[in-house]
Number of protein chains: 2
Amino acid sequence: MAALKYSKQRESIKTYLMKTKEHPTADTVYMHVKEEFPNISLGTVYRNLNLLADIGEAVKISTPDGGDRFDGEVKPHNHFYCRCCGKMIDLKMDSIDHIDEMASRNFDGLIESHSILFYGKCGDCIKKS
Amino acid sequence: MAALKYSKQRESIKTYLMKTKEHPTADTVYMHVKEEFPNISLGTVYRNLNLLADIGEAVKISTPDGGDRFDGEVKPHNHFYCRCCGKMIDLKMDSIDHIDEMASRNFDGLIESHSILFYGKCGDCIKKS
DNA sequence: GTGGGTGCAAACCGTTTGCACACCA
DNA sequence: TGGTGTGCAAACGGTTTGCACCCAC
């Protein structure tokens, strides 16, 4: 049930997510998609972002400063978040999937996944300070 | 400037945080501290929780489902979060501080810390399903 | 035609903040 | 007494939702 129907708005949101590296907020997605669909509403953007995240075609990344970010790259990877300017970037690093097993020792439950967010200052913010 | 003055409300909040293992939300802290100070306000709880986090006497942990959690244990450790019932527990695992160095390779910026949140189902929720 | 998707606006919820008063130092 | 801290309530910002209409199937 709840068969998924095509919508050009969702298509546009997904296309934008897949081509950008910005890890945009919902509002940023809204502003970009609005160029193509001037009448689109923020509610529609939220509905579709959550939908895409639910069906695994996007990733939702929560930040400590409020305002979730979305990423069209769904392959597991880690992120760096600059607490100074809010920029979020992908990190290239060796696989550390073994930490799930490390974590599950002495623990009654099932770990399905993990998310690592690295905090600090990005290069630009270091230069400015 | 802004010299820290004693307040029994803050004292009570910190005492509660240090003895509980529940990783409470601000609202849960509010309800508990209210038993001792019936007139305390939620705003005061938030102000003090943020203050304690700022001076390093508490830790703020953001969850993907909204509603930050607070922890009186400030020694670095990792957490498991049950997306089924919202329970958060401490994980005992070997140090993985070396991941910061791994992450900083090929990256222009400074990693100050990281936070790992493991997701899944806790033992209780597995039994119930 | 039917049921999911959209636009709009109101509601929601966790959190912050302005203000007058209270209290530590 | 001077300057933090508190209680209260209003405001805030991100997100969700109810509803009437629209459109893919």
Side-chain angles (χ1 to χ4, degrees), chain A residues 1-17 22-55 57-71 81 83 86 88, chain B residues 1-17 22-55 57-71 81 83 86 88:
Chain A
M1 50 284 314
L4 198 58
K5 278 187 188 172
Y6 172 85
S7 100
K8 37 200 174 135
Q9 288 90 337
R10 187 186 312 127
E11 176 85 14
S12 174
I13 289 170
K14 192 181 171 189
T15 301
Y16 169 64
L17 267 192
E22 280 184 38
H23 302 83
T25 61
D27 201 67
T28 305
V29 174
Y30 172 61
M31 290 190 301
H32 276 86
V33 176
K34 202 162 186 166
E35 291 171 10
E36 188 179 357
F37 298 96
N39 290 322
I40 198 171
S41 77
L42 193 49
T44 296
V45 171
Y46 273 105
R47 271 187 293 240
N48 279 304
L49 285 173
N50 285 332
L51 176 56
L52 289 172
D54 283 347
I55 63 179
E57 298 190 5
V59 176
K60 190 183 196 170
I61 309 152
S62 31
T63 74
D65 301 330
D68 293 341
R69 305 302 194 86
F70 293 87
D71 192 346
Y81 175 67
R83 298 201 77 163
M88 183 175 287
Chain B
M1 53 306 183
L4 197 58
K5 281 189 185 171
Y6 173 84
S7 100
K8 39 200 173 135
Q9 289 89 337
R10 188 186 310 127
E11 175 85 14
S12 174
I13 289 170
K14 191 180 172 191
T15 302
Y16 170 63
L17 267 194
E22 279 184 38
H23 303 82
T25 61
D27 200 68
T28 305
V29 174
Y30 173 59
M31 290 192 300
H32 276 88
V33 177
K34 201 162 189 168
E35 291 171 9
E36 189 180 355
F37 298 95
N39 290 323
I40 199 172
S41 77
L42 193 49
T44 296
V45 171
Y46 273 103
R47 271 186 294 240
N48 280 303
L49 285 173
N50 285 332
L51 175 55
L52 290 172
D54 282 348
I55 64 179
E57 298 190 4
V59 176
K60 191 183 197 171
I61 310 152
S62 31
T63 73
D65 301 331
D68 292 342
R69 304 301 193 86
F70 293 87
D71 193 346
Y81 175 66
R83 297 203 75 163
M88 183 176 287

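Reminder, nothing fancy here: chain letters follow the sequence lines and each chain counts from 1.
Each of D/dT15, D/dT6, D/dG5 was ranked by its minimum atom distance to the side chain of A/Ala26; first place goes to D/dT15. Residue B/Ser7 places its side chain closer to D/dG5 than to any other of D/dG5, D/dT16, D/dC25. For B/Gln9, the side-chain atoms get nearest to D/dT6 when compared with the rest of C/dT15, D/dT6, D/dG2. Closest contact between the side chain of B/Lys60 and the listed nucleotides C/dG5, D/dG7, C/dT16 involves C/dT16. Closest contact between the side chain of A/Lys8 and the listed nucleotides D/dG5, D/dT6, D/dA24 involves D/dA24.
Look at B/Arg47 and you won't find any side-chain N or O under 4.0 angstrom from OP1 or OP2 of C/dT16. For C/dT15, the OP1/OP2 oxygens have a side-chain nitrogen or oxygen of B/Tyr46 closer than 4.0 Å. A sub-4.0 Å separation between OP1 or OP2 of C/dA22 and a side-chain N or O of B/Asn39 is absent.
What separates CG of A/Leu4 from C1' of D/dC25 is a distance of 12 Å, to the nearest Å. Per the geometry, CG belonging to B/Asn48 stands 13 Å off C1' belonging to D/dG7, to the nearest Å.
Note on A/Ile40: only backbone sugar-phosphate atoms sit closer than 4.0 angstrom, heavy atoms only; bases stay farther off.
Every side chain to side chain contact (heavy atoms under 4.5 Å, CB included) that B/Arg47 has, sequence neighbours left out, goes to B/Thr44.
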